Each structure stands twice: as structure tokens, then as C-alpha cells.
Amino acid sequence: MLELLPSPPADPLFDLEAEFAADTRPDRLNLVLGVYRDRTGATPVMEAVRKAEVRLAERSVSKEYRGLSGNASFNRAMLSMVLGARALTERATAVQTVAGTGALRLLADLVRQTRPGATVWISDPAYVNHRPILEGAGLQVRTYGRPASAGLPGAAGMLDDLRAARRHDVVLLQGCCHNPTGVDPSVEEWEELAGLAAANGWVPFVDLAYHGLGDGLEADLRATRMLSERLPEVLIAASCSKNFGLYSDRTGCAIVLGSSRRALGHVETALQNAARTLYSMPPEHGAAVVTTILEGERLRAVWRAELDAMREHITANRAELAARLRALGHAGQAAALARQKGMFSMLSLTPEQMGEMRRRSGIYGTNSGRVNVAGLPADRIPFLARGIATALEAARAVPSG
């Protein structure tokens with residue numbers, strides 16, 4: 001049987017991680033995976049998380065099954081954090097998932113059940129796992145262009161492309177800190193998107209993976225809340241991996257807003273049934289940690305302060321990198337970087353140039369040009385700037401034709 005298995009495609013990010021691990025150069029730099037690192041290069045456990053874990057250990061609560069929807073207190077806390085207003089939480093249901101990836105897959109299964117034949121639209125470029133998750137659930141996928149920005153890939157016709165989305169189609173939007181480009185729609189573009197969805201009848205499917213790491217928690221949630229206020233149905237996949245630092249605890253939430261309690265009851269059952277066939281029920285520890293933080297005034301304040309400090313560190317990294325590139329004579333690349341936000345930035349380098357930067361300088365980003373600014377130790381910023389400048393200058397030196 002196993003001899004009949006065709007060679008499957010490898011995951012490009014983890015292939016690069018393996019290449020980095022095999023690289024013996026002591027000054028090599030890993031900016032591939034989306035993991036926050038502090039000024040020393042470590043990925044710390046947040047103080048709010050440590051304190052919550054101590055409380056949980058002292059309580060020694062039972063490890064009995066929680067059920068297919070996971071931790072109900074966690075679900076309520078996430079609804080409150082993401083949606084804010086009670087009027088919105090009363091229109092919504094939520095189930096705990098295995099991180100944001102699990103939420104994306106459960107909601108993709110819901111789309112397939114409720115809208116057979118629908119197309120799901122994703123951005124171009126998109127988060128590397130969006131298309132595999134959606135196609136793995138049996139959905140058709142089309143792309144829309146990102147707004148163009150100097151030095152960045154993507155078409156200027158994002159809104160024009162989405163005018164082709166039909167009634168009952170679904171449009172996957174990243175709520176903030178777009179991965180991989182770091183470029184979000186403007187306030188005016190979000191308003192246009194909401195109007196387009198209302199007029200043409202397509203459903204927004206919001207991926208929230210980086211809220212709190214762009215412009216601040218409330219600002220990063222503003223677009224999601226606006227869509228939820230104006231439209232009858234919205235799907236939201238929310239992750240706690242980045243903003244709580246719970247990467248390996250796999251903590252997330254699938255949220256659905258609808259127009260009737262009866263419909264939402266059916267939705268919750270459908271999500272539970274999908275979870276039952278995929279993983280039965282999600283792990284408890286991360287959900288219990290998040291609940292303890294969000295339900296306690298003091299711990300929540302500690303967490304918000306830490307989250308703000310992470311955001312400020314990422315912003316400072318990006319600003320310094322842009323300043324270094326400007327000083328090295330690459331004002332265009334610097335200006336593009338300065339307009340980006342969140343964990344990732346997109347460099348105006350080709351896959352060949354990114355490969356050359358790996359070989360020449362030991363700097364590892366994705367072939368698309370994405371680098372993890374949030375994982376950049378402060379003392380390595382000059383090294384990265386020189387590596388980018390070298391790659392850009394080498395491209396200029398190649399004769400045309």
C-alpha cells in the first residue's frame with residue numbers, strides 16, 4: 001500500500017527551517033516562521049501566562065473532557081474580546097479550536113456544508129496555508145489582488161477583483177497585519193469592502209492571527225467589529241498563538257455571527273460535528289490560561305502591557321531596519337517597509353535573490369520575500385540591512401539581456 005503513495009509536496013516553510021538547522025555558520029539568521037523574539041533572540045513566556053499557569057496549578061482542576069465545543073468560559077471570553085459590544089456577542093456563537101489553523105478548517109467545513117459550489121476568495125499573495133486548508137475542505141479558491149505598494153507584489157485592483165464575487169461566495173480577509181505583505185486595507189477600503197459585501201451578498205471570513213501587534217488591540221479589531229456590525233453573517237478564525245505567546249499550546253476559536261439564535265444553534269452543532277471527525281475536542285491548557293487572564297482584571301492589565309511592549313518592539317525593529325536601508329542608499333525599499341505593520345515584512349526581492357541572500361549572508365526568509373521582523377534580535381538589524389542591500393545591489397549589477 002505505502003509503495004503506491006505519490007511523492008507529496010513538502011511544506012516550504014519547514015523545508016527552510018530544516019535548511020537553516022543544517023547551516024553551520026554561526027552568524028546565520030532565521031526569519032522564516034512567525035514567532036516573536038525579544039531583544040536577546042529568545043521567545044519568552046509572557047508574565048501574565050506564567051501567573052495564570054501558577055493559579056491553574058494551585059487549583060489542580062480536573063482534566064475531565066470539556067466537550068466538543070471546548071472550554072465554554074474561554075469561548076465567552078474570546079467573544080467578548082474580539083467583538084466587544086454585547087449586541088454583537090449576542091448574535092454570535094463560538095467553539096474552541098486547535099489554534100487558528102483549526103478554526104480556519106472548521107469554518108471551511110461549515111462553508112462547504114452550507115454553501116456547496118461557493119467560491120472562497122483569498123488574497124494574492126496570501127498566507128501560505130490558506131489555500132491548502134480551503135482546498136483540503138473541498139472548496140474552490142480564487143484570488144483577489146492586494147493594494148499595490150512601492151516595492152511590494154500584488155495588484156492594485158483588490159476591490160475591482162472582489163466585484164466579481166457572487167452572492168453566497170466567501171471572501172477570506174486578514175483582519176489586521178496582513179501575512180505576508182504587512183499591508184492592510186485603509187479605513188476607507190474597509191468601508192468599501194463592507195459596502196461591497198452588503199450589496200453583492202458575499203460573506204466575510206476574517207482571519208485574526210495578529211491582533212494587538214499592529215496598531216494596538218482595539219485598533220486591530222476595529223475592521224472585524226465594523227464588518228460584524230454591518231453584515232448579517234460573518235465568520236471569524238481567532239488565534240491566541242501570537243498575542244498570548246501560546247504557540248505550542250494550540251489555542252484558538254471559531255466564531256460565527258448570524259441573524260437568528262436558531263441558525264446559530266445549528267451552526268454550533270455543525271462545528272462540533274466537524275471537530276468530532278478531525279480531533280474530537282481541543283486541548284484545555286491554553287484555553288484555561290487565556291480565560292484566567294481575560295477574566296481577571298489585574299492579569300488582563302499585565303497582559304495588555306506586555307502585548308503593547310511586544311508591538312512597540314516590532315515597530316522599533318521595522319523603523320530601524322528602514323532607517324538602515326535608507327542610509328545604505330535604498331530609499332524605496334525603506335519607504336515600503338515603513339508603511340508595513342505587524343510581525344512580517346515583504347522585501348522587494350525575487351525568489352532567486354532570497355536564495356542568494358541565504359547562500360551569501362546566511363539570512364533566511366521565505367522565497368516570496370517575507371521576513372519575520374518580530375523575530376529579529378535588535379543587534380542583528382545592521383547585519384540584515386547589509387544582506388538586503390547586497391542582494392539589491394547584486395541584482396542591479398546583473399546585465400540585462
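Treat the numbers as computed from the prediction; the structure is a model and nothing was measured. Throughout, residue positions are numbered sequentially from 1 according to the sequence presented.
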Item checked: Check: Asp220/Tyr210 side-chain N/O donor and acceptor closer than 3.5 Å -> no
Notebook entry, point to check: Got a donor-acceptor contact below 3.5 angstrom from the Arg230 side chain to the Ala197 backbone?
Noted result: no
Item checked: Side-chain donor or acceptor of Ser62 paired with backbone N/O of Glu64 under 3.5 Å -> yes
Next item on the list: Could you verify whether a donor N or O on one side chain and an acceptor N or O on the other, from Arg86 and Thr89, lie under 3.5 Å apart?
Entry: no
Next item on the list: Measure the CD-OG distance between Glu192 and Ser186 for me, rounded to the nearest 0.5 Å.
Entry: 7.5 Å
Margin query: Quick check for you: to the nearest 0.5 Å, what is the distance between Met81 atom CE and His211 atom NE2?
Written below: 4.0 Å
Note to self: Checking side-chain polar atoms at under 3.5 Å, does Gln174 have a donor or acceptor matched by the opposite partner on Asn179?
What the structure shows: no
Next item on the list: Indicate whether any N or O donor in one side chain lies under 3.5 Å from an N or O acceptor in the other, for Thr181 and His178.
Entry: yes
Next item on the list: Give the C-alpha distance, both sets of side-chain angles, the deciding distance and a yes or no for side chain to side chain contact (heavy atoms under 4.5 Å, CB included) between His130 and Asp207.
Entry: CA-CA 10 Å; His130 276 163; Asp207 184 4; 2.8 Å; yes
Checklist line | Minimum-distance pair of heavy atoms, taken over all atoms of Ala108 and Leu139 | finding: O-CD1, 3.5 Å
Margin query: Using a 3.5 Å distance criterion without hydrogens, assess whether the side chain of Asp38 forms a donor-acceptor pair with backbone atoms of Ala42.
Written below: yes
Item checked: Check: Asn200 side chain, Arg167 main-chain N or O, donor-acceptor pair, under 3.5 Å -> no
Check: Under 6.0 Å from the CZ atom of Arg276, do we count more than 12 heavy atoms belonging to anything else shown?
Finding: no
Next item on the list: Examine distances only and state if a side-chain atom of Glu284 and a backbone atom of Arg66 form a donor-acceptor pair shorter than 3.5 Å.
Entry: no
Note to self: Quick one: does any side-chain atom of Asp161 pair with a main-chain N or O of Gly145 as donor and acceptor, under 3.5 Å?
What the structure shows: yes
Next item on the list: Calculate, to the nearest 0.5 Å, the distance between atoms CD1 and NZ belonging to Ile293 and Lys51 respectively.
Entry: 11.0 Å
Check: Looking at side-chain heavy atoms only, is the closest gap between Asp169 and Arg166 below 4.5 Å?
Finding: yes
Next item on the list: Could you go through the salt bridge (charged side-chain N to carboxylate O under 4.0 Å, His left out) check for Glu218 and Arg225 one step at a time?
Entry: CA-CA 10 Å; Glu218 298 300 316; Arg225 292 174 178 178; 2.7 Å; yes
Checklist line | Atom CZ of Arg222: over 12 foreign heavy atoms under 6.0 Å | finding: no
Next item on the list: Write down the atom of Asp109, the atom of Ala137, and the distance for their closest heavy-atom approach.
Entry: OD1-CB, 3.4 Å
Check: To the nearest 0.5 Å, what is the distance between CG (Asn243) and CH2 (Trp303)?
Finding: 5.5 Å
Notebook entry, point to check: Do Arg91 and Glu229 sit within salt-bridge range, that is, some charged N less than 4.0 Å from a carboxylate O?
Noted result: no
Checklist line | Flag for Arg358-Asn367: side-chain donor and acceptor within less than 3.5 Å | finding: yes
Checklist line | side chain to side chain contact (heavy atoms under 4.5 Å, CB included) evaluation trace for Phe20 with Val32 | finding: CA-CA 9 Å; Phe20 175 83; Val32 177; 6.0 Å; no
Margin query: The test is side chain to side chain contact (heavy atoms under 4.5 Å, CB included); show your working for Leu33 and Phe14 and say whether it passes.
Written below: CA-CA 8 Å; Leu33 294 185; Phe14 286 93; 4.0 Å; yes
Next item on the list: Would you verify whether the NZ or CZ of Arg28 falls within 45 degrees of the ring axis of Tyr364 while also being under 6.0 Å from that six-membered ring's centre?
Entry: no
Next item on the list: Just do the side chain to side chain contact (heavy atoms under 4.5 Å, CB included) check on Gln140 and Val120 with the steps written out, would you?
Entry: CA-CA 6 Å; Gln140 302 175 62; Val120 181; over 6 Å; no
Checklist line | Arg380 (side chain) donor-acceptor with Asp27 (main chain) under 3.5 angstrom | finding: yes
Item checked: Lys/Arg-Asp/Glu bridge criterion (N-O < 4.0 Å) met for Arg359, Glu19 -> no
Margin query: So Tyr127 and Ile122, do their side chains get closer than 4.5 Å, heavy atoms only?
Written below: no
Next item on the list: To the nearest 0.5 Å, tell me how far Tyr144 OH sits from Leu172 CG.
Entry: 6.0 Å
Next item on the list: Using modelled atom types only, decide if a donor and an acceptor are shared between the side chain of Thr366 and the backbone of Arg370 within a distance under 3.5 Å.
Entry: yes
Item checked: Backbone N/O of Thr43 and side chain of Arg37: donor-acceptor pair under 3.5 Å -> no
Enumerate donor-acceptor pairs with a distance under 3.5 Å from any side-chain N or O in residues 248-260 to protein atoms, sequence neighbours excluded.
{"from": "Arg250", "atom 1": "NH1", "to": "Tyr247", "atom 2": "O", "distance (Å)": "3.1"}
{"from": "Thr251", "atom 1": "OG1", "to": "Asp249", "atom 2": "O", "distance (Å)": "3.3"}
{"from": "Ser260", "atom 1": "OG", "to": "Ala263", "atom 2": "N", "distance (Å)": "3.1"}

Item checked: Polar side chain donor-acceptor pair, Glu268 to Ser69, under 3.5 angstrom -> yes
Note to self: Looking only at the side chains, is there a donor atom on one of Asn30 and Glu17 sitting less than 3.5 Å from an acceptor on the other?
What the structure shows: yes
Note to self: Before you tell me yes or no, could you show the steps for Tyr36 and His313 under ring pair (Phe, Tyr, Trp, His ring centres under 6.0 Å), namely the whole-Å CA-CA distance, both residues' side-chain angles and the distance that decides it to 0.1 Å?
What the structure shows: CA-CA 10 Å; Tyr36 174 83; His313 172 55; 5.6 Å; yes
Check: Minimum heavy-atom separation for Arg300 to Leu294, with atom names?
Finding: NH1-O, 3.3 Å
Checklist line | Minimum-distance pair of heavy atoms, taken over all atoms of Ser228 and Leu88 | finding: O-CD2, 3.6 Å
Check: Which heavy atom of Pro283 sits nearest a heavy atom of Val98, and at what distance?
Finding: CD-CG2, 4.1 Å
Next item on the list: To the nearest 0.5 angstrom, please state how far the CD atom of Glu320 sits from the CG atom of Leu384.
Entry: 10.5 Å
Note to self: Just by distance, no angles: are the side chains of Ser345 and Arg318 close enough, under 3.5 Å, to form a donor-acceptor pair?
What the structure shows: yes
Item checked: Leu162 vs Arg142 side-chain heavy atoms within contact, under 4.5 Å -> no
Item checked: Lys/Arg N to Asp/Glu carboxylate O, Glu306 vs Arg311, below 4.0 Å -> no
Check: Hey, are Asp23 and Arg25 close enough for a salt bridge, meaning a charged N less than 4.0 Å from a carboxylate O?
Finding: yes
Item checked: Backbone N/O of Gln353 and side chain of Glu356: donor-acceptor pair under 3.5 Å -> no
